[in-house]
Amino acid sequence: MRASACAKLASLSFLPQFAFRPPVSYSPRPPRLRGRSRYGAAKARQPSKDQTRMRMSQYFLPTMKENPAEAQIVSHRLMLRAGLIRQTSAGIYAWLPLGFRVLKNIERIVREEQDRSGAQEVLMPTIQSADLWRESGRYDAYGAEMLRIKDRHDREMLYGPTNEEVITVLFRDGVKSYRDLPRNLYHIQWKFRDEVRPRFGVMRGREFLMKDNYSFDIDKKGAIHSYNKMFVTYLRTFARMGLKAIPMRADTGPIGGDLSHEFIVLADTGESAVFCHKGLVDKDILSRKIDYDSDLQPIVNEWTSLYAATDDMHDKAAFEEIPEGERLSARGIEVGHIFYFGTQYSAPMKAVVAGPGGEQITVEMGSYGIGVSRLVGGIIEASHDEAGIVWPEAVAPFKVAIVNLKPDDGAVSGACQKLYDGLAAKGIEALHDDRDLRPGAKFADMDLIGIPWQVIVGPKGVSAGKAEVKDRKTGQREEVPFDQVVQRFG
RNA sequence: CGGGGCGUAGCGCAGUCUGGUAGCGCGUCUGCCUUGGGCGCAGAAGGUCGUCGGUUCAAAUCCGGCCGCCCCGACCA
């Protein structure tokens, strides 16, 4: 009501619209504390912001003991139960503090590896114009999965399901010479695909966070080098997250092109059947030193020379040539996809540069995606047990949790606080469970949310000068003198 | 988009067939007790039964429309 009245008023005015905006309050007013000053004694007793944030008694972490009926697969159940996400509409989720921390950790690793490869980060909008998509010819081709919307002037817009069109225009308008090639631009942005049937929680939502990037080269040779760079980058990215992600030759599908690999995380509950050579599982990329300007083909060949295929690309005869003991039939989740697609977009959208002889050359493109939000689910599918999530350290919301078994015991709480401060001094954020609950409930919650290391502090330990350090993954516990706990996590 | 199912307290469910004062478990709150794996006892709060309309003296329950969510398939990062 108020907004439309305001719009009407503004449209009748010949003064700038902002002059007539009602005094909207953009941030909530500070609460009035009755009976004492907001800045008085009450504040002095508050713990520091950092401590407040990481204390479970103060933390927004709604865990659930029972499985919500709507969640069918394990990662979806655990994400809801562990207080990572909440659904707001079909296939659309809100990220709660713990889940958001994981999402940001994944995003950070993706970003670091993109930067390492020489790709440059941009940020393109979520809302795009239909005209742009008409130019590439995809507006009608894309179908109902594209969320089409109209603005107030009845202009046709859409919520971007992908960004080839936008990036091609940015490139076309900004680069005119072969001297400016190659380029590789990426961004990490929310996308929307109006899936007929969203399911599996964030693994196949409608709104999802995706890293996508686009390479531009003067010729096919250059484009393949760009492709190879991303191939290696993806190997590193997933390995850093503690995942076994195997590149598999992929069908290029509706996006087109003739060179494409899917990166598949192996998980028993994966969406599709996959077949590969066992040797791929044990290959290690992180120990290699990589020069992204050198010829990466040997590394790529090393991975692609062993058989690996998803269901739809499976070649039974070729698979059976592998000695039986080295065959691996498993299930997997697609977490990344890379394409070389030549001039499919650059030609219709006229992304051309001047070559050395002044001739016009249509650039060769590739595009590369990683499902950032999907990875949160994928990692859980690949790493959980009966009790809950088992986070790989690199993506865990917290590396360490301090389990205070008796918060109302000054000695126990004092020991916990000291450990917390010691970890903080080393730059390690710990989650401090200072809630007044029975030990059993705390252990159950802690196992559910899957923090890799639990430092358990109780009265017995305090009198012996020791804490118990539990490895979430193996369940092994070890008594460690207090003064040695912090250094274990350096 | 084809086929199926479900909407009752924060979560899991019963009650609907056969209309008559809305229930159970878990969670939450208070008190006591307890304190190394979701402990025990006592008390309490919390639901216009998805929504709109119809039938009826009376609707969670019967009828119709709409909305939402889930599953299988086709599709997909």
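Numbers restart at 1 for each chain; the letters A, B, ... are given by sequence-line order, proteins then strands.
- In the interface, the side chain of A/Arg193 is not paired with the base of B/C76 through any donor and acceptor atom under 3.5 Å apart.
- Enclosure of atom NZ in A/Lys399 by more than 12 non-hydrogen atoms of other residues, nucleotides or ligands within 6.0 angstrom is indicated.
- On the C1' atoms, B/U16 is 7 Å away from B/A60, given to the nearest whole Å.
- Comparing the same atom, P, in B/G27 and in B/G64 gives a spacing of 41 Å after rounding to whole Å.
- Ring geometry for A/Phe275 versus A/Phe319: interplanar angle over 60°, hence perpendicular rather than tilted (30 to 60°).
- Which of B/A77, B/C70, B/G36 sits closest to the side chain of A/Pro439 comes down to B/G36.
- With B/C70, B/G25, B/G36 as the candidates, the nucleotide lying closest to the side chain of A/Gln72 is B/C70.
- Taking only distance into account, the side chain of A/Lys470 meets the base of B/G37 through a donor-acceptor pair shorter than 3.5 Å.
- Residue whose closest nucleotide on RNA chain B sits further toward the 5' end, between A/Asp447 and A/Glu271: A/Asp447.
- Comparing A/Asp436 and A/Ala441 by the nucleotide of RNA chain B whose heavy atom lies nearest to each, the residue mapping closer to the 5' end is A/Asp436.
- Checking B/G38, B/C72, B/A77 against every side-chain atom of A/Arg199, the shortest atom distance belongs to B/C72.
- Here B/G36 is the nucleotide among B/G36, B/C76, B/C26 with the atom lying nearest to any side-chain atom of A/Ile456.
- For A/Asn67 against B/G12, no side-chain N or O and base N or O form a donor-acceptor pair under 3.5 Å.
- Closest approach to the A/Arg477 side chain among B/C76, B/C70, B/G36 is made by B/G36 (side chain taken as heavy atoms from C-beta onward).
- When all heavy atoms of A/Glu364 and A/Ala223 are compared, the pair lying nearest together is CB-CB, 3.8 Å.
- Within 4.0 Å (heavy atoms only), A/Gly91 reaches no atom of the nucleic acid at all.
- Looking at A/Arg204, its side chain comes within 3.5 Å of the base of B/C75 through a donor and an acceptor atom.
- Here A/Phe443 does not count as stacked on B/G36, because the ring centres are not under 5.5 angstrom apart with planes under 30°.
- Comparing B/U35, B/C75, B/G73 by their nearest atom to the side chain of A/Arg197 picks out B/G73.
- Counting atom types as modelled, A/Glu66 pairs a side-chain N or O with a base atom of B/G25 as donor and acceptor under 3.5 Å.
- Of the candidates B/G12, B/C1, B/U35, B/C1 carries the atom nearest the A/Val196 side chain, counting heavy atoms from C-beta on.
- Within 6.0 Å of CZ on A/Phe100 lie no more than 12 heavy atoms contributed by other residues, nucleotides or ligands.
- B/A59 and B/G3 have their P atoms separated by 34 Å, with the value rounded to a whole Å.
- In the set B/G12, B/G38, B/A74, the nucleotide with an atom closest to the side chain of A/Pro68 is B/G12.
- For A/His337 and A/Phe263, the ring centers sit 6.0 Å or farther from each other.
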